[in-house]
Amino acid sequence: MGFFSDFKASLMKGDVISLATAVVIGGAFGKIVGSAVDDVIMPIVGLITGGIDFTQKFITLDGNSYPDLAAAKAAGAAVITYGNLVQAIINFVIIAFFIFVVLRAAEKAKKKEEAVVVVAPVGPTQEELLIQIRDLLKK
């Protein structure tokens, strides 16, 4: 086989196609969850915390005080933006919860499918077959 036929054969394996499908679906799911976090959950968190925007929380390392993060960065001050870390942790917890809920629902659906197992008709036992063979041999 040539190089391209080997390459085509490796791409057509089920594992590669399944992986590609999972990546595409994962990207789409990530956008859905990201939108749910940014557009639904975080406004509620902001309301609960009194309108705090965590991404604007910072500590300057030069000892000066700045009105906001943009002013500190414009002044060239070294800043620790701990609010971004807090925001990332909140996003992670929410996304992990969404994934947990989806996987749990998928497992329950899978268990229901497994519970509906069609029982195949039971054939004769080994003893019944031996009896039939004995009877046929007698004839």
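Just so you know, these numbers use all the heavy atoms, side chains as well, and skip hydrogens, waters and symmetry mates.
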field: CA sep, side-chain torsions, deciding dist, call: Ile32, Phe98, side chain to side chain contact (heavy atoms under 4.5 Å, CB included)
entry: CA-CA 10 Å; Ile32 291 170; Phe98 268 77; over 6 Å; no

- prompt: Nearest heavy-atom pair of Pro43 and Asp38: which atoms, and what distance?
  reply: CD-O, 3.4 Å

task: Measure the spacing between CD1 of Ile44 and OG1 of Thr49 and express it to the nearest 0.5 Å.
output: 11.5 Å

- request: Answer yes if Val93 and Phe100 sit in the same cluster of Ile, Leu, Val, Met, Phe, Trp and Tyr residues linked by side chain heavy atoms under 4.5 Å apart, and no otherwise.
  value: no

query: So does Phe92 have more than 12 non-hydrogen atoms from other groups sitting under 6.0 Å from CZ?
result: no

- request: Using modelled atom types only, decide if a donor and an acceptor are shared between the side chain of Ser5 and the backbone of Gly2 within a distance under 3.5 Å.
  value: yes

Min side-chain heavy-atom separation Phe58-Ile80 under 4.5 Å: no

statement: In this structure, CD1 of Ile95 is separated from CD1 of Ile90 (nearest 0.5 Å) by 12.0 Å

query: What's the spacing between Leu61 CG and Ile59 CD1 if we round to 0.5 Å?
result: 8.0 Å

- request: Kindly work out whether a path of hydrophobic side-chain contacts (I/L/V/M/F/W/Y, heavy atoms less than 4.5 Å apart) joins Leu137 to Leu129.
  value: no

Any side-chain donor near an acceptor of the partner, Thr60 and Asn64, under 3.5 Å: no

Same apolar cluster: Val86 and Ile89, side chain cutoff 4.5 Å: no

- prompt: Does a sphere of radius 6.0 Å around CD in Glu128 hold more than 12 heavy atoms from other residues, nucleotides or ligands, not counting ones at 6.0 Å or beyond?
  reply: yes

query: Should we say atom CZ of Arg134 is surrounded by more than 12 heavy atoms from elsewhere, each under 6.0 Å from it?
result: yes

- prompt: Got Leu69 and Val79 here, is their nearest side-chain heavy-atom distance under 4.5 Å?
  reply: yes

- prompt: Are any of the side-chain heavy atoms of Asn84 and Thr81 separated by less than 4.5 Å?
  reply: yes

- prompt: Does Leu47 belong to the same Ile/Leu/Val/Met/Phe/Trp/Tyr cluster as Val40, with side-chain heavy atoms less than 4.5 Å apart forming each link?
  reply: no

